[in-house]
Amino acid sequence: MSDIIDEVLSSVKNSAIFKNREYLLPDYIPEELPHRENEIKKLASILVQLYRGERPSNIFIYGLTGTGKTAVTKYVLSNLQRKLNNFEYVYINARQTDTPYRILADIIEILGDKVPFTGLSTAELYRRMVKVLERSERVMIIVLDEIDALVKKHGDDILYKLTRVNYDVHKSKISIVGITNDVKFIDGLDPRVRSSLGEEELVFPPYNAEQLEDILKKRAVLAFREGVVSESIIKLCAAIAARDHGDARRALDLLRVAGEITERERKNQVGEEEVEKARVEIERDRVYEVIATLPFHSKLVLLSIIKGLTKNTRLTTGEIYDLYRNIATSMGSEFVTQRRASDIINELDMMGIISARVVNRGRYGKTKEVVLAVDSGIVLKALLESDERFADFWSG
Amino acid sequence: MPQSETQFNYGNLGNSVIREALKGGKGEVIKNPKVFIDPLSVFTDIPFREDIIRETAIAVRYFVKNDVKFSNLFLGLTGTGKTFVVKYIYNEIEEVKKEDPDYSGVKQVYLNSREVGGTPQAVLSVIAEKLTNSLVPRHGVNLGEYIDKIKSVLRGKKAIIYLDEVDTLVKRRGGDIVLYQLLRADADVSVIMISNDINVRDYMEPRVLSSLGPSVIFKPYDAVQLKEILAKYAEYGLIDGTFNDEILSYIAAISAREHGDARKAVNLLFRSAQLASGIGFIKKEHVDKAIVEYEQERLFEAVKSLPFHYKLALRAIVTTEDVVTAHKVYSKYCDKLKQKPLSYRRFSDIVSELDMFGIVKIKIMNRGRAGGIRKYVEVHDKEKIMKALDENLAEEMGYEYDEGSDVETS
DNA sequence: TTATTTTCAGATGAAACGTAGGAAATTTACACA
DNA sequence: TGTAAATTTCCTACGTTTCATCTGAAAATAAGG
């Protein structure tokens, strides 16, 4: 019965393609981090203050996705801790642990104290943290990954408080390592926080094609059975990913999915077509996911665009809005103003689903020209499957 | 397990038919109602779920005989057989206890998180209580003490815990941590969790996730599978010749359209059979009527099981459009009944809950500069809800709240 | 022809909106010593 | 004294709508040769 989908088991079950698929999954941290030697060295040289039991500077790490920020940070810290063993550190991913309360709770827990998850306020939790910290008499490194997500959701006053901890605590010190892939993040910060957080800055450059190739090669040996992936295939994946901001995660994804496709097709060697299929599949998944989680009216606007594009090659804001209104009304739904619809179009453009260009057509006014940026098939599929209301509308 | 109330409804059949029904004479359709009321006592296998049962059985064996702890998460919409499978396994293990001494010391605990309240406190205390067979305080103690208690009871013993509807627990503050502690507890305890929400894992912290065993997705049954299931129930529970293929297909098709809910399908068959009682065979009309009845009773039951203030709130909502005025009306009811009204904040949450229950539908609209955001409530079956409400609100206290009392609308 | 003025259609900005919903504080309902 | 959960109190930021101001080159018009 194929209705048993067991993700974990699938890696155990013997496969003609994979030896161990896990080595290609994004949360696997390898023993070695090739081509990040410089970054490791830099980070370590800042943190080496710990050796003397002193507080290292706060560090701000910036780098695009898949440049090894997280892996390097974890790597350096865990190695350092093994060797020095005179400090503590917490790794907190602010996208998953996304409230000030839980961040503080995590910190306290690492320091070896239990916290109730109800009843207390963040202020109270902060007080407790200070107390525990005072007692521990150690240096504490707090790693805040995807720190931009936290600030976007809750503002920067938690960061402010954290940077201020050292004034409240005397027997212990803390340092903060902030990680982000958002360039603009630092500008939107309170100047006090900015200067404090950015005592040291570290920029992770993207990998180039050769580096990616090397990384892939190392992983492929672990993950695939012998003879399944050729050198040229790895080169291809690396090249594709290198074009795409040098994102190592993407490269690994590509390789993994290509392998999965090969397995599905019951072939025994990954070929170029599988890689191509993988690229398409990954892109499709991304688009599908983005669309499926869109708010209702954004979906409606998108649907209008699809509908409009069956007749014209490009659409203007006005045309889209008219269609949108018609569809909304015929579905018995309210509709937003053109002002808002215009913003929605911009949002869709930013997400890369459509491409909207502002044009002046002189006598014929100023408008946006909109075309689809991805295959309309997936868009429609995502729309119809994510909301029953559309299915009824489209068929009826 | 369809523990449906046996509510025989004979429609407008004549007296003689009823007599015959009582005597079980001719025209009878149901051979063995137990099949529908307590199917586990009758069936020895579960169609389309054999694989997972076998795999779980193997995991249990390793657990009992080789000390390999395991945990599973069963995911699937309602009526996909998750609870059924779990209860089946539970029963089987109880049986095996009689034959295999290795199993005799294995304790089993089944509990439904939602039914006990869904809070970490409630879940842990009930587990502890069932494990120790003694009274355990429900309030006031540190949650860690429950874990400790569970651990100490299990010293030298093994236990399998079945947690139904864990999603209600996980979505609460600290719910996932409780699971984590349970899974990681230094005790021989294996856990099988069931969730109706396929995305529960998104509510869990990564460390909880990593200590969680494999997940199994129970796909909704398709029409063909449903039909086979129905055929089985019919074979065991109904008298030969009282049903035909067409009827089963009909029910299967309807249920398949609605998320492949087997529980509903079986219930529809049972209802139809009851309706056909005395007639001698099930007709399409019976099924159609059963559907209406089913929906109605579901709504009725839902309303009936609501806490008092929820009912009052619902009563207020039915007469209004938006939540703000609904709360005014509600407060007025409370005054008349000399009850302390709940705050608007809480009221608003109650409305949201009623929406989750599927009793009402909320719509949040933004009138922007001309009126900000506003929460509206739509009620589909006003009359039916009103009826259900009035019946059992009246029971709960001599009520008199008048209609259309002066509530300012400006 | 060239210089100008319209004129279209929507872009882009900014204010006003009023409660939905988040977070802190308080209350409830117990337990334990 | 303690704890977890339920409810109340407090408050603002949210996703819009409304109102108002810009934009910028085509086309229409006027002026100049």
Rounded interatomic separation in angstrom, taking OH from B:Tyr146 and C1' from C:dC30: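 Checked: the OH to C1' distance equals 10 Å.
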For [X] and [Y], does a side-chain donor sit closer than 3.5 Å to a side-chain acceptor?
{"X": "B:Arg138", "Y": "B:Ser125", "result": "yes"}
{"X": "B:Ser352", "Y": "B:Lys375", "result": "yes"}
{"X": "B:Tyr146", "Y": "B:Gln121", "result": "no"}

Just call it for [X]: base, sugar-phosphate, or nothing, with non-hydrogen atoms closer than 4.0 Å on any strand.
{"X": "B:Thr119", "answer": "sugar-phosphate"}
{"X": "A:His154", "answer": "sugar-phosphate"}
{"X": "B:Ser352", "answer": "nothing"}
{"X": "B:Lys375", "answer": "sugar-phosphate"}
{"X": "B:Tyr344", "answer": "sugar-phosphate"}
{"X": "B:Arg172", "answer": "sugar-phosphate"}

Donor-acceptor pair under 3.5 Å, A:Arg363 side chain vs D:dG24 base: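 Result: no qualifying N/O pair found.
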Let me know, please, whether A:Arg339 or B:Glu145 comes out on the 5' side of the other along DNA chain C by nearest nucleotide. A:Arg339
DNA chain C: B:Gly371 or A:Gly318, which has the more 5' nearest nucleotide?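 The answer here is A:Gly318.
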The residue, B:Arg369 or A:Arg361, whose nearest nucleotide of DNA chain D is more 5′ is B:Arg369
On DNA chain D, does the nearest nucleotide to A:Phe335 precede the nearest nucleotide to B:Lys340 from the 5' side, or the other way round? Give the residue. B:Lys340
